[in-house]
Amino acid sequence: MPRVCAVSGKKTMSGNNRSHSLRATKRKWSVNLQKATILVDGKPTRVRISARALKSLKAQQAR
């Protein structure tokens with residue numbers, strides 16, 4: 001299963017590790033995915049959502 005947020009669409013990012021001598025080796029930054037139950041069309045649905053998107057949804061519900 002790909003590491004993609006169901007709400008925001010965030011994916012794994014890639015880049016380089018940089019040593020003190022500035023040698024570059026490939027690395028990845030994974031998305032902080034959490035399993036959460038949210039309402040989709042009025043029905044509770046279990047989705048994999050990024051922590052940032054989950055925080056934003058909770059903030060919107062609090063208003």
Can you tell me if CZ on R27 sees more than 12 non-hydrogen neighbours from other groups inside 6.0 Å?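 Buried by this count: over 12 neighbours within 6.0 Å.
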
Atom pair [atom1]/[atom2] of [X] and [Y] - distance to nearest 0.5 Å:
{"X": "Q61", "Y": "K58", "atom1": "CD", "atom2": "NZ", "value": "8.5 Å"}
{"X": "L39", "Y": "T45", "atom1": "CG", "atom2": "OG1", "value": "7.5 Å"}
{"X": "N16", "Y": "K26", "atom1": "CG", "atom2": "NZ", "value": "4.5 Å"}
{"X": "R18", "Y": "R23", "atom1": "CZ", "atom2": "CZ", "value": "11.0 Å"}

Verify same cluster id: L54, V4 (apolar side-chain graph, 4.5 Å):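 In one cluster: no.
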
In terms of hydrophobic clustering (I, L, V, M, F, W, Y; side-chain heavy atoms under 4.5 Å; direct or indirect links), are L57 and V47 co-clustered?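 Linked within one cluster.
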
Of all heavy-atom pairs between S50 and C5, which one has the smallest distance, and what is that distance?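 Looks like N-SG, 3.2 Å.
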
Please check this pair: side chain of R3 against backbone of V31, looking for a donor-acceptor N/O pair closer than 3.5 Å.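 Judged by distance alone, yes, a pair lies under 3.5 Å.
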
